[in-house]
Peer 1: 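My structure is below; once you've seen it, I'll send some questions.
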Amino acid sequence: MTTDAQQAFMRRAIQLSRENVQRNGGPFGAVIVKDGRVVGEGFNRVTATNDPTAHAEVVAIRAACAHLNTFDLSGAEIYSSCEPCPMCLSAIYWARLAGIHYANTKLDAAAIQFDDYFIYEELAKHPEQRAIPMRQMLRDEAMQAFLDWQANASRVQY
């Protein structure tokens, strides 16, 4: 059951998406809520900043983390004007958000040429079979950083 407050948060995400279209940006907005209050907002800034990672959800996560001075958003939820793409979904998991609410679907986004489905398909493939091939190299050398981190008693787990 959707509450009036949840609808208000989603309407804010939708408002951000519509305002961004008026600024010639992408049609995506996101709001992060913790304990019933907005702690971060974002809208698509990919073309405005020439940053392909500046999706609304990532921008909102960055804003919430800065506002709360933490990388752990446990207990917070995100309201997005569209179902998150694979990158944003991963960022949501890394931020430990407790819930995702979305309006438009990934199929709605695909219908206007924001088609992320191929990324979902790519992730299911073996790394060497992806459109951008992946090749492992120098693992033994790189493992030293992992061992150093693991041995560091003052490390911050995330």
Peer 1: Flag yes if I61 and L89 sit in one hydrophobic cluster, no otherwise; membership is Ile, Leu, Val, Met, Phe, Trp, Tyr, and two members link when side-chain heavy atoms are under 4.5 Å apart.
Peer 2: yes
Peer 1: Applying a strict under-4.5 Å side-chain criterion to I, L, V, M, F, W and Y, I'd like to know whether F43 and M10 cluster together.
Peer 2: yes
Peer 1: List the steps and the verdict of side-chain hydrogen bond (donor to acceptor under 3.5 Å, both in side chains) for S80 and E57.
Peer 2: CA-CA 7 Å; S80 179; E57 296 90 341; 2.8 Å; yes
Peer 1: Given the rule in the side-chain contact (heavy atoms from CB on, under 4.5 Å) test, do S81 and L16 qualify, once you have shown the distances and angles that lead to the verdict?
Peer 2: CA-CA 9 Å; S81 65; L16 289 168; over 6 Å; no
Peer 1: Can you hop from I92 to V39 via hydrophobic side chains spaced under 4.5 Å?
Peer 2: yes
Peer 1: Kindly indicate, with the supporting measurements, whether the criterion side-chain contact (heavy atoms from CB on, under 4.5 Å) is fulfilled by Q7 and F9.
Peer 2: CA-CA 5 Å; Q7 289 182 10; F9 296 137; over 6 Å; no
Peer 1: With no hydrogens and no angle check, just 3.5 Å: does a side-chain donor-acceptor pair link N20 and S17?
Peer 2: no
Peer 1: If you measure only the distance, is there a donor-acceptor pair under 3.5 Å linking the side chains of N152 and S154?
Peer 2: yes
Peer 1: Under 3.5 Å, is there a donor on one side chain and an acceptor on the other for E128 and H126?
Peer 2: yes
Peer 1: Are F71 and R96 close enough, and set up right, to give a side-chain contact (heavy atoms from CB on, under 4.5 Å), and what steps lead you there?
Peer 2: CA-CA 9 Å; F71 57 84; R96 296 180 180 86; 4.1 Å; yes
Peer 1: Are V156 and Y158 linked, directly or through intermediate hydrophobic residues, by side-chain heavy-atom contacts shorter than 4.5 Å (ILVMFWY only)?
Peer 2: yes
Peer 1: Let me check something: do L68 and W94 share a hydrophobic cluster, defined by ILVMFWY side-chain heavy atoms less than 4.5 Å apart, either directly or through other members?
Peer 2: no
Peer 1: Passes side-chain contact (heavy atoms from CB on, under 4.5 Å), K106 versus F114? Steps please.
Peer 2: CA-CA 8 Å; K106 62 185 172 190; F114 285 96; over 6 Å; no
Peer 1: Please tell me whether R12 and Q15 have a donor and an acceptor in their side chains that are separated by less than 3.5 angstrom.
Peer 2: yes
Peer 1: Drop me the distance from C88's SG to I100's CD1, to the nearest 0.5 angstrom.
Peer 2: 10.0 Å
Peer 1: Quick one: closest heavy-atom pair of A54 and T49, and the distance?
Peer 2: CB-OG1, 3.8 Å
